[in-house]
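Here's the structure we're looking at; comments come further down.
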Amino acid sequence: MLNIVLFGPPGAGKGTQSERLKEKYGLVHISTGDVFRALDPESELGKLAKSYSDKGDLVPDEITIAILEEEVKKFPNAKGVIYDGFPRTTEQAKALDSFLSSKNTSVTMMLSLVVTEDELRDRLMKRASDSGRLDDADPKIIQNRIDNYNAKTAPVAEFYAEQSKLSEIDGIGSIDEITDRLFDAVEAFKIND
Ligand code: ADP
């Protein structure tokens with residue numbers, strides 16, 4: 001299986017690039033952010049997830065891991081998966097490793113999109129007008145998401161670097177340029193695999 005963790009701060013372009021990778025390699029795209037937003041807003045779980053995401057806080061690991069595993073199980077015949085927005089903590093990364101190893105597979109590589117904070121703030125404010133997402137509209141919430149990323153999520157890259165699975169990609173440029181860089185990185189990994 002080709003299991004790609006697409007990593008990067010909020011606004012880095014993970015959703016857009018996931019669609020390109022999905023098409024090129026015939027993968028399933030799983031975005032935990034999308035899964036949370038698709039929950040029934042009246043359900044207990046939906047309300048709980050929203051109470052965190054609206055503030056720009058991370059949903060607790062236990063809930064997120066359970067939801068992710070359930071989502072992966074929906075695609076038993078997948079050739080591979082793009083994990084977008086997961087893992088976001090080292091606990092989640094460890095859980096993903098054991099979950100995949102129980103299925104006799106593993107994370108192939110982490111592709112990490114590198115974008116400056118100024119550029120992220122600009123992109124998220126622009127996205128707010130068409131996404132309608134509460135967490136994109138308020139500069140304080142955006143800052144909280146960036147702060148959570150730096151404190152809790154950035155260390156996850158180290159977890160994969162230690163396994164020699166990390167590839168950093170310049171996330172500034174046109175969408176097509178960044179797609180080409182990602183494809184090159186995937187090919188390089190496949191050759192060395
Ligand atoms: P972003 O554009 O900030 O990367 P996402 O759509 O990936 O946004 O996620 C939106 C929100 O959903 C996050 O701010 C967080 O509250 C919640 N969320 C998504 N993935 C995770 C995760 N792996 N762990 C905890 N919370 C998550």
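We use all heavy atoms of the structure for the numbers below, so side chains are in, but hydrogens, waters and symmetry mates are not. Each ligand, and each atom within it, is numbered from 1 in the order the structure gives. What you are looking at is a predicted structure, and each value in this text was computed from that prediction instead of being measured.
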Task: Amino acids contacting ligand 1, non-hydrogen cut-off under 4.0 Å - done: Pro10, Lys14, Thr32, Gly33, Phe36, Arg37, Ser53, Asp57, Leu58, Val59, Thr64, Gly85, Phe86, Arg88, Gln92, Arg127, Arg133, Arg145

TODO: Answer yes or no: is there an ion pair linking Glu71 with Lys74, defined by an N-O contact shorter than 4.0 Å?
DONE: yes

TODO: May I ask you to check whether over 12 heavy atoms, not counting those of Lys47, lie within 6.0 Å of atom NZ?
DONE: yes

Task: Under 4.5 Å side-chain linkage, directly or through intermediates, the cluster mates of Leu45 - done: Val35, Phe36, Leu39, Leu48, Tyr52, Val59, Ile63, Ile67

- [ ] Carefully, step by step, assess Asp34 and Arg37 under the rule salt bridge (charged side-chain N to carboxylate O under 4.0 Å, His left out).
- [x] CA-CA 5 Å; Asp34 288 349; Arg37 281 185 290 276; 2.9 Å; yes

TODO: Determine, for Arg145 against Asp136, whether the closest basic-nitrogen to carboxylate-oxygen distance falls under 4.0 angstrom.
DONE: yes

Open item on the list: For Asp118, is there an ion pair with Arg121 - N to carboxylate O distance below 4.0 angstrom?
Closed with: yes

